[in-house]
Amino acid sequence: MLDTILPQSFYARDALVVARDLLGCVLVRDGVALRITETEAYRHPDDSANHCRFGRTPRNAPMWGAPGHAYVYVCYGLHAMLNLVTDADGEGAAVLIRACEIVDGHAIVRGRRGGVRDEVALLAGPGKVGAALGLDTRSSGHALFERGGLEVHEGRVEHVLVGPRVGIDYARPSDREAPYRFADARSRVVTRRRTLTPLVRYASTRGHTEPG
DNA sequence: TGAGCGATTAAA
DNA sequence: TTAATCGCTCAT
């Protein structure tokens, strides 16, 4: 069958473009397949919401590395957040996966008190995405363009919504308001939809296709 | 060695 | 609106 794993070159572009083009792509890991419906871009370290804003640390090291690798960190002590490193090596940019629809597999998501919420078909929120994929920080630094482990397969959406990012009140106003969040307009699995508006002139800007 | 704080979520 | 919860960062 045709190998649809996204090549490393797909990620070697501006985080804003990658975030938009990741909509509709499919995350696959251990029998679970999730279609990406919402993303957020974290650009160069000048972005005051970026984890790299204070320089290189053990935690954010993968973000400073080559594109096409995972950057997973734990938020609020319990949520595994999945990011895909973008741009050139050393740029310090990545895209956060904020929501997905389950395409295949049983995603068992447990509540805080241990109760099984079983087979949630809708994963609105980055913590749920990480839980559904069974991720933890051991996956941080994983090469996404190689077969095995966590893979990302091609996909696309027809219409895109744009708006400000979520949960970064500590950032500079200009960065708080920056339209760095993207979502699939046709999906109902999107957080804070009322703050998003249609993205006009969404054309295919995929420049990762290898010639020949 | 320790205080403070999150790119969140679920329950009240 | 708020508690839960703990690894990471940075300041002693």
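Order of the sequence lines sets the chain letters (A, B, ...), proteins ahead of strands, with each chain counted from 1. Remember, predicted model here, so these are calculated numbers, not experimental data.
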For this session: If you link ILVMFWY side chains whenever their heavy atoms are less than 4.5 Å apart, which other residues fall into the same cluster as A:Val166? By chain and number, please.
Result: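 When side chains under 4.5 Å apart are linked, A:Val166 ends up in no cluster with other residues.
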Quickly work out the [X] [atom1] to [N] [atom2] distance and round it to whole Å.
| X | N | atom1 | atom2 | answer |
| --- | --- | --- | --- | --- |
| A:Ile168 | B:dC5 | CD1 | C1' | 16 Å |
| A:Arg59 | B:dC5 | CZ | P | 15 Å |
| A:Arg181 | B:dT8 | CZ | C1' | 14 Å |
| A:Phe54 | C:dA11 | CZ | P | 9 Å |
| A:Met81 | B:dG6 | CE | P | 13 Å |
| A:Met63 | C:dC8 | CE | C1' | 15 Å |
| A:Arg165 | B:dT8 | CZ | P | 11 Å |

For this session: Classify the nucleic acid contact of A:Leu96 as base, sugar-phosphate or nothing, counting any heavy atom under 4.0 Å across all strands shown.
Result: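 The residue A:Leu96 makes base contact.
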For this session: Decide yes or no for A:Glu40 and A:Tyr180: does some side-chain heavy atom of the first lie under 4.5 Å from some side-chain heavy atom of the second?
Result: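 No. Closest side-chain heavy atoms not under 4.5 Å.
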[X] vs [N]: side-chain N/O to OP1/OP2 distance below 4.0 Å:
| X | N | result |
| --- | --- | --- |
| A:Tyr76 | B:dA7 | no |
| A:His79 | B:dT9 | no |
| A:Arg98 | B:dT8 | yes |

For this session: Kindly point out which of B:dG6, B:dT8, C:dT9 is positioned nearest to the side chain of A:Thr57?
Result: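 In terms of side-chain proximity for A:Thr57, the closest of B:dG6, B:dT8, C:dT9 is C:dT9.
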Problem set entry | Listed once per pair and sorted, the side chain to side chain donor-acceptor pair (under 3.5 Å) pairs that draw on residues 162-174 of chain A, sequence neighbours left out |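 Non-adjacent pairs meeting side chain to side chain donor-acceptor pair (under 3.5 Å): A:Asp47-A:Arg165, A:Arg172-A:Asp175.
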Problem set entry | Selection residues 25-36 of chain A - residue pairs positive for salt bridge (Lys or Arg N to Asp or Glu O under 4.0 Å), sequence neighbours left out |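 Only A:Arg35-A:Glu101, A:Arg35-A:Asp184 qualify under salt bridge (Lys or Arg N to Asp or Glu O under 4.0 Å).
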For this session: Kindly indicate, with the supporting measurements, whether the criterion salt bridge (Lys or Arg N to Asp or Glu O under 4.0 Å) is fulfilled by A:Arg156 and A:Asp21.
Result: CA-CA 7 Å; A:Arg156 55 178 62 240; A:Asp21 286 351; over 6 Å; no
For this session: Could you list the residues that satisfy salt bridge (Lys or Arg N to Asp or Glu O under 4.0 Å) with A:Arg138, not counting sequence neighbours?
Result: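 For A:Arg138 the salt bridge (Lys or Arg N to Asp or Glu O under 4.0 Å) partners, ignoring immediate neighbours, are A:Asp136.
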Problem set entry | A:Phe145: partners by ring-ring contact (aromatic ring centres under 6.0 Å, His included), with sequence neighbours left out |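 For A:Phe145 the ring-ring contact (aromatic ring centres under 6.0 Å, His included) partners, ignoring immediate neighbours, are A:His69.
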Exercise. Are A:Tyr42 and B:dA7 stacked, counting the six-membered base ring, centres under 5.5 Å, planes under 30°?
Worked result: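 So yes, this residue stacks on that base, both cut-offs being met.
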Seminar exercise, completed: Symbol by symbol from the 5' end, with Watson-Crick or G-U pairs under 3.5 Å, [ ] crossing and | another strand, DNA chain B is ||||||.||||.
